[in-house]
Amino acid sequence: MPQFWKPGTAAPGSSLDRETESEGSIVPSASAAISHLSLEAQRQRLPIYKHREKLLWCVEKYRTVIVVGQTGCGKSTQIPQYLHEAGWTNQNHVVACTQPRRVAATTVATRVAEEVGSVLGDEVGYSIRFEDLWSPERTKIKYMTDGMLFRETMVDPLLSRYSVIMIDEAHERGAYTDLLLGLVKKIMRKRPELRVIISSATIEAEDFMEYFNSNADGSDRSEDDAIIVSLEGRMFPVEVCYLREPTADYVHTAIDTIFDIHLKEPAGDVLVFLTGREEIDQALQNIADRLQTLPKAAPKMLALPLYATLPVEEQEIIFEAPPRDTRKVILATNIAEASVTIDGIKYVVDSGFVKIKTFNPRNSMDVLTVTPCSLASANQRAGRAGRTSAGKCFRLYPPSMLPTRNSGSQMPITTPPELTRSDISLYILQLKALGIDNLAKFDFMSPPPSDMMIRALEFLYSLNAIDDEGRLTRPMGARMAEVPVDPMMAAILLNSHEMKCSEEMLTIAAMTQVQNVFVIPEGGMKATMAELERRKFTAEEGDHLTLLNVYNAFVRLGMRDKQWCGNHRINHKALSRAVSIRKQLKKYLERFGIKSSSCEGDAKKLRRCLVTGYFKNAARMMPDGTYRSAREGATLHVHPSSVMFTRQPSTGWVIFHEVIETSKSFMRDLTVIEEEWLVDLAPHYYKFKGGGIKKH
DNA sequence: GAGCACTGC
């Protein structure tokens with residue numbers, strides 16, 4: 001059985017790890033006990049209420065207020081209301097509050113509308129992609145995804161409608177959060193009256209403080225612009241234990257720990273953080289085997305998986321109460337760290353690892369690797385044990401793994417921001433559309449590495465989105481920045497008019513934006529059946545045309561018939577989303593004055609049109625069945641989810657949407673093309689040389 | 001021959 005270090009008996013390590021124990025003082029959970037009170041009384045009972053005056057004073061005096069407080073302390077719901085009550089919404093001004101996720105924006109808005117006593121969409125509204133529920137005349141508090149507010153700057157560069165902008169969950173450092181931070185800081189120079197509130201977790205607060213108190217060139221601002229306000233947490237204490245010795249197999253140790261908790265600790269549900277679906281399924285299997293060996297009288301356990309690709313119905317099972325006298329054990333990916341909150345968790349088992357995607361600009365490949373999670377993550381995970389009562393967190397590593405300020409450790413203090421580890425071409429294009437041509441001067445909180453910047457610019461140039469001086473081309477580049485899809489697909493859509501296939505391409509573009517078109521169950525007979533269903537839609541030409549077939553069949557037969565979707569293993573939710581996306585994209589094309597056209601079943605037009613955007617992603621099949629990229633000569637493999645996994649391209653050549661490197665480099669979403677098309681449609685990128693094509 | 005962490009416009 002794993003040996004854990006009991007903290008408090010001896011100092012386990014650096015001063016940093018003390019933060020893990022200061023999750024908050026003992027303040028009873030607000031929601032459970034006081035639901036019989038009026039909404040107003042409930043608001044005044046919230047721990048944050050006693051900070052109301054202080055908060056308002058700070059917003060009055062400082063231009064940036066960094067608010068630190070536990071998730072659930074009422075920051076997101078209360079602060080915009082305080083500002084509204086204090087008059088920040090006078091003179092037609094609006095208080096904006098951004099969220100990194102759609103569900104958060106809508107649920108918080110719904111709650112606040114209720115507290116304000118307004119119909120949702122009236123005084124309190126929200127704006128997320130495909131859903132606008134607010135009134136230009138009456139809405140005073142507007143919740144929105146950070147991506148939506150970023151987009152708004154394309155129409156209103158100074159965001160002049162807003163008196164206060166609150167950026168919630170800023171510590172997560174999503175791409176659009178970072179872009180907004182940079183823009184908002186820029187806007188503040190032109191609008192001294194604008195107030196910005198950043199909501200952050202403890203560890204990251206200083207970084208925001210530093211950022212807002214300095215100029216882009218590194219010099220300090222003349223006055224103190226930013227202040228940190230700490231709100232009292234209402235979390236219960238979480239006791240953190242560490243492994244005495246590192247483990248070579250954290251899945252195995254996690255299972256040992258689960259059984260230790262199950263047999264020795266008082267009642268309470270367990271949340272286990274692992275890194276992926278495969279690991280979770282394997283662990284579930286092992287747990288089931290081990291439960292068989294327990295004596296009949298042993299307490300009962302119900303182990304459940306939780307990851308994003310799990311069908312929604314199966315995800316919802318975790319919220320149900322388990323049978324009597326049964327301990328619920330949830331094995332989750334990082335989805336349970338911020339996106340999904342489960343109440344009643346008393347024990348957290350933290351593997352200390354996370355699967356993270358990073359972009360390699362040298363070969364344009366995304367790499368998905370298991371790495372140690374950050375201390376910030378570890379703290380967030382531990383906090384999940386203290387939401388409804390005091391809890392315990394078992395970290396499957398020794399305290400010596402924790403980072404210290406001076407020594408380099410495997411574990412970073414914070415997770416690298418998304419902008420520093422992604423393909424940034426889309427974001428660069430959008431910044432250019434905002435008139436930010438000199439990206440070196442843009443005040444990124446964490447500037448993307450220069451090789452990523454260079455690659456993105458080269459790529460945008462090859463798509464004819466920017467000219468050789470780095471300026472946005474018109475109308476092409478400007479339109480590409482506006483369409484809400486990645487630059488390659490944007491180029492394809494805009495070229496589809498000329499290639500006479502815009503109707504079909506709208507569908508293909510929409511379908512490539514949704515994940516999990518097919519519901520493929522885990523292994524065995526069911527998976528084989530699902531595979532057979534998918535073959536009914538398979539197009540010889542590859543995945544893009546297969547997606548087109550699926551969409552057309554769905555619109556004809558499945559849209560109002562969930563049974564049909566079930567029978568064909570098609571994800572109804574995903575397809576419905578594709579219908580929305582297609583509608584939205586069509587509106588853009590109409591606005592650009594692009595007339596609709598159809599290729600009338602001529603698949604060659606479609607495949608050629610795809611080459612106009614995907615030309616960079618071309619590969620040739622080798623005799624051994626693997627592929628070589630035209631660009632770098634890298635060895636690539638067909639992802640098993642592709643229809644090309646079981647067939648060979650008649651021409652020997654394919655283009656693909658993306659490569660992701662896991663155990664191998666896998667191409668996803670493939671279409672068979674002719675080699676000549678590359679030179680024909682992307683002459684600036686390829687030319688004939690000797691027997692075959694070469695990249696310029 | 002065999003597989004994707006999580007968001008967002």
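Each chain gets a letter, A, B and so on, in the order its sequence line appears, and its residues count up from 1.
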Partners meeting side chain to side chain donor-acceptor pair (under 3.5 Å) with A:Y126 (sequence neighbours left out) = A:E131

Atom CG of A:L368 and atom P of B:dC6 are separated, to the nearest Å, by 10 Å

From the candidates B:dG1, B:dC9, B:dG8, the one with an atom nearest any side-chain atom of A:R101 is B:dG8

Specify whether A:F353 and A:Y250 have parallel, tilted or perpendicular ring planes, treating 30° as the upper limit for parallel and 60° as the lower limit for perpendicular.
-> parallel

A:R277 has a side chain; which of B:dG8, B:dA5, B:dA2 sits nearest to it?
-> B:dA5

Out of B:dC9, B:dA2, B:dA5, which nucleotide sits closest to the side chain of A:R421?
-> B:dA5

Just how far, in rounded Å, is C1' of B:dG8 from CZ of A:R151?
-> 10 Å

Interatomic distance where CD belongs to A:E131 and C1' belongs to B:dC9 [whole Å] = 14 Å

A:S339 has its side chain closest, among B:dT7, B:dA2, B:dC9, to B:dT7

Please give, in whole Å, the distance from B:dA5 P to A:E658 CD?
-> 13 Å

Closest contact, heavy atoms only, A:T275 versus A:V354 = CG2-N, 3.8 Å

Of B:dC9, B:dG1, B:dT7, the nucleotide closest to the side chain of A:F645 is B:dG1

Please state how far atom CG in A:L431 lies from atom C1' in B:dC9, giving the value in whole angstrom units.
-> 14 Å

Result for 5'-nearest mapping on DNA chain B, choosing between A:T145 and A:T646, is A:T646

Closest to the side chain of A:Y176, out of B:dC6, B:dG8, B:dG3, is B:dG8

Side chain of A:P484 (C-beta onward), nearest among B:dA2, B:dT7, B:dC9 | B:dC9

Taken to the nearest whole Å, CD/A:Q515 to P/B:dT7 is 9 Å

Residues A:R151, A:E482: salt bridge by 4.0 Å N-O rule | no

Of all residues at least two apart in sequence or in a different chain, which pass the side chain to side chain donor-acceptor pair (under 3.5 Å) check with A:R101?
-> A:E172

So does A:S663 get a side-chain nitrogen or oxygen closer than 4.0 Å to the phosphate oxygens (OP1/OP2) of B:dG3?
-> yes

Nucleotide nearest A:K664 when distance is taken to its side chain, options B:dA2, B:dG8, B:dG3 = B:dA2

From CG of A:L310 across to P of B:dA5 the rounded distance in Å is 12 Å

Contact class for A:Q513 vs. all strands (heavy atom < 4.0 Å): base, sugar-phosphate, or nothing?
-> base

Out of B:dC9, B:dG3, B:dA5, which has the shortest distance to the side chain of A:H639?
-> B:dG3

Integer-rounded Å distance: B:dC6 P and A:E337 CD | 12 Å

Pair A:E152 + A:K142: basic N to acidic O under 4.0 Å | yes

Sugar-phosphate, base or nothing in reach of A:L426, heavy atoms under 4.0 Å = base

Phosphate contact (B:dC9 OP1 or OP2) by A:R102 side-chain N/O below 4.0 Å = yes

Side chain of A:F666 - closest among B:dG1, B:dG8, B:dG3 | B:dG3

